[in-house]
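Below: one structure, written as structure tokens.
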Amino acid sequence: MPSPDFRRTTTALYLAAACAVLAAGGAGARWFTQTLPPPDRASGTMLLAPMVGVIDTCVLQSEAAAAQDALAQRCTGDQGSAAALVESTLEQLQPAGAARHAAYPLGYTLPVPLLQLFRAEGDDWVIDTERVQRLARTVRESARPLILYLFSTHFSTGAPIEEALARDPDNLAQTRDGPLPVDSYYGDPVYPWTVARTDNAISARRVQATQALLGALCQLPAQDRAKIRGVTLLGELHQLFPDFQAGMGFAPPYRVTDYSPASVAGFQRYLRAQFHTVAQLNRVLDADYPDFSAVQPPARDIRTEPLQRYTEHIDSYAQGSLPIAGWAYVPGGRQAWVHVYRNGVFIGKAPVNQGRQDVLQAKPEFGDANTGWRLDMDFRQLPAGLHRIDLFLEAAPGQLTALGSRDIAIMDRRQQTPVLQPQRTLPASKPAPATLQAHIDMPAPQQSYYFNPLVPLWHAFRGQQVVDYLRFFDGVVSQSCLAGTPRYTHQIIPFTNPGWDANKFAIDASLRHTGGIRLGVSLYGDATYGTGFARWYRATGRGSYGITEFHPLKALDAPALKQVLEGHAARGAQFLSFFLEPYWQGQPVARAHNLFSFDPGNARFGSAQLYQAMREDMR
């Protein structure tokens, strides 16, 4: 996950925003709702749409800077826009005259930090119309197609209104311990905005800023609006947890969102809709709830806290699966597998191909981060008792090398002392040589696991909250002149990171079931060029997708990158976006560079080589 580039008025703002959405089809707002026919363009042509860093360097530029800076003069004033900076940057990537030979059209992604569209006015916040107009003029003055990125997530944009909104607990996600505090991610603030409700100030401000921008865009001529090939919604939208930078894994204590009163009441309504009668719910849970209002989300760990009901238990595994994971280095880039046996019975194998930047950082001599492996084991139907997990590395076909074993305890509700399960004979294998570099991260020795059937229902509800919030925000865009423009999510894929607990994010439903919102995903590492994403994507049944952020996290030459691009285009990718540093008159603009920018001056993650490879392919 890369770093990204007041109570008093809450009710009035929300009601005004809602009324504006409902009334947008009225005679006084026909300019806002006028829809455009889809642009006439070749079907299946993937747009390369780099995300150029123009916001801090141009759109947010002050008028005072324009007196001394040639770039600022183009950005500000009555006709100020970022169009010239966009074009100057893209010309570095694709020189003039090269476009006719390129396999893919080159456009750009225009990120719009919604909360940066406000300025303080007395005790209130009002739309900064000049910033809005600069964005609209950028679309008008650039001849290139674009992806419009409406950005507003937990990642701070440095907008002054963020601190004001964060003082209202109604805007914040809550764990069982109360509202989350403002956190940080690699030194940048993280604001824990809730996705559990839309009747709060953060939602109203997002709507207000979006409507102001769409209002300006909808006043552009039809040919300019037709340049917008897609709209991505909000950015990485998911449930949150404490210690955002380091808390994505499985280590206790287990804390997730959202436990606010509104969310708890929503969970009870969700269960009623799923089961209709509390008797049916009790049969599924083996519980004795008197009514749905008595059901509280699971929030306690049976190992360390007293429970009134077993269904109160929750941890990273209580939904009924546990990760078996680690890393192994196989020289020569050969495909390797880790075979997993339970009580002497083969239960599956995992490819050694997942990104482990932590391993590469500790072992740079490997030269490759794709040393991770993981297999998730469903233990819901396993008998209570001690189970032995044995792991073998297959670095050559049919040749197994023992990696190690773990004894784990599947526990019942009564926490009876577990008894070792019957064991079968393991396959023939060789002992691990001293030169083998590998490690079993999970499970820990003697780890205990409890399945609580209420937990998967809780996670499903939390995932539905993410989907519902996306649909709420999509409703704002779909009531505008961009109703006919494809709209995409802008989501991460947690399962590509073997050390992450995907249930903390509750993001899976938003990757699969979002109605009219198309799939937009950020791909890093093996997910960009390996087979894992392709297999997962085929299983979703979707017909097309957008790549909202793209970085292989390693150097690729032009032929290799070309093959990756062709693979995504063939699978139905409509656009592909990657971070790009701005250039003005052939020189890089002074700014805090994005860690993941394709740029000749970025030595991290093979970014300089990727820039050159992209430049060659764009010719």
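Residue indices begin at 1 and follow the sequence shown.
Looking at Q491 and E236, their side chains never bring a donor and an acceptor atom within 3.5 Å of each other. Side-chain atoms of D468 and Q464 form a donor-acceptor pair, as typed in the model, at a separation below 3.5 Å. Checked by atom type, the side-chain pair R462/Q465 shows no donor-acceptor distance below 3.5 Å. A donor-acceptor pair shorter than 3.5 Å can be found between the side chains of Y469 and R206. Q116 and R131 are linked by a side-chain donor-acceptor pair at a separation below 3.5 angstrom, with hydrogens and angles left out of the test. Checking D599 against S597 by side-chain atom types alone, no donor-acceptor pair falls below 3.5 Å. Counting only N and O atoms by type, the side chains of S577 and T548 include no donor and acceptor under 3.5 Å apart. Counting only N and O atoms by type, the side chains of Y545 and H568 include a donor and acceptor under 3.5 Å apart. Side chains of Q585 and S88: a donor-acceptor N/O pair is absent below 3.5 angstrom, by distance only. Inspection of the S544 and Q574 side chains reveals no N or O donor paired with an N or O acceptor under 3.5 Å.
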- Task: Would you check, one step at a time, whether the test side chain to side chain contact (heavy atoms under 4.5 Å, CB included) holds for R205 with L165?
- Result: CA-CA 9 Å; R205 293 302 192 183; L165 292 170; 4.1 Å; yes
- Could you walk me through whether Q174 and S263 pass the side-chain hydrogen bond (donor to acceptor under 3.5 Å, both in side chains) check? CA-CA 9 Å; Q174 295 193 28; S263 183; over 6 Å; no
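By the ring pair (Phe, Tyr, Trp, His ring centres under 6.0 Å) test, Y108 pairs with no residue at all, sequence neighbours left out. Not counting sequence neighbours, Y583 has no partner by the ring pair (Phe, Tyr, Trp, His ring centres under 6.0 Å) test. In this structure F267 satisfies the ring pair (Phe, Tyr, Trp, His ring centres under 6.0 Å) test together with W458, F461, sequence neighbours excluded.
Put simply, the side chain of N171 gets close to the backbone of A201: a donor and an acceptor are under 3.5 Å apart. Judged by distance alone, the side chain of T489 and the main-chain N or O of L519 form no donor-acceptor pair under 3.5 Å. At least one donor-acceptor pair under 3.5 Å links the side chain of T138 to the backbone N or O of R134. Panel note: side chain R542, backbone L511; a donor-acceptor pair is recorded below 3.5 Å. The main-chain N or O of S142 is found under 3.5 Å from a side-chain atom of K227 such that the two form a donor-acceptor pair.
Looking only at side-chain heavy atoms (C-beta outward), E549 and L523 stay at 4.5 Å or farther from each other. Annotation: side chain of V256 is in contact with side chain of Y254 (closest heavy-atom distance under 4.5 Å). A 4.5 Å side-chain heavy-atom check between R229 and T485 finds every atom pair outside the cut-off. Between P50 and F598, every side-chain heavy-atom pair lies at or beyond the 4.5 Å cut-off. Side-chain contact between F472 and T198 is present, with heavy atoms from C-beta onward closer than 4.5 Å. Contact annotation: the side chain of L150 never approaches that of T232 to less than 4.5 Å [non-hydrogen atoms, C-beta and beyond]. Residues Q612 and P600 fail the side-chain proximity criterion, which asks for heavy atoms closer than 4.5 Å. Taking 4.5 Å as the limit, some side-chain heavy atom of L470 sits within range of a side-chain heavy atom of L237.
Atoms CD and CD, on Q587 and Q92 in that order, are 8.0 Å from each other to the nearest 0.5 Å. Between atom CG of residue N602 and atom OG of residue S607 there is a gap of 4.0 Å, rounded to the nearest 0.5 Å. We find the CG-CZ distance between D474 and R471 to be 9.5 Å, quoted to the nearest 0.5 Å. Here the CD1 atom belonging to I493 is positioned 8.5 Å from the CD1 atom belonging to I507, to the nearest 0.5 angstrom.
Note on D56 versus R591: salt bridge recorded, some NZ/NE/NH1/NH2 to OD/OE distance being below 4.0 Å.
The two residues A72 and Q61 make their nearest non-hydrogen contact at CB-CG, 3.8 Å. I517 approaches T514 most closely through the heavy-atom pair O-OG1, 2.7 Å. For the pair I55 and P113, the tightest heavy-atom approach, listed with the atom from each and the gap, is CG2-CG, 3.7 Å. The minimum heavy-atom distance between D168 and L172, with the atom names listed, is O-CG, 3.8 Å. For the residue pair L85 and C58, the shortest heavy atom distance occurs at CD2-CB, 4.1 Å. Of all heavy-atom pairs between D224 and V139, the closest is O-CG1, 3.7 Å.
Taking the six-membered ring for Trp and the full ring otherwise, F596 and F578 have centroids separated by 6.0 Å or more.
Below 30°, between 30° and 60°, or above 60°: for F575 and Y488 the angle between ring planes is above 60°, a perpendicular geometry. Using the six-membered ring where Trp is involved, F505 and W500 have ring planes that are parallel, under 30° apart on the 30 and 60° scheme.
Residue-environment remark: CD (Q223) exceeds the threshold of 12 foreign heavy atoms within 6.0 Å.
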Name each donor-acceptor pair under 3.5 Å that joins a side chain in residues 244-251 to protein atoms two or more places apart or in another chain, with its distance.
unit_1, atom_1, unit_2, atom_2, d
Q245, OE1, Y186, N, 2.6

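Within the structure, every pair that satisfies the salt bridge (Lys or Arg N to Asp or Glu O under 4.0 Å) test and touches residues 496-517, not counting sequence neighbours, is listed here: D508-R512. Legend: salt bridge (Lys or Arg N to Asp or Glu O under 4.0 Å) pairs involving residues 139-155, not counting sequence neighbours, sorted by first then second residue: E87-R144.
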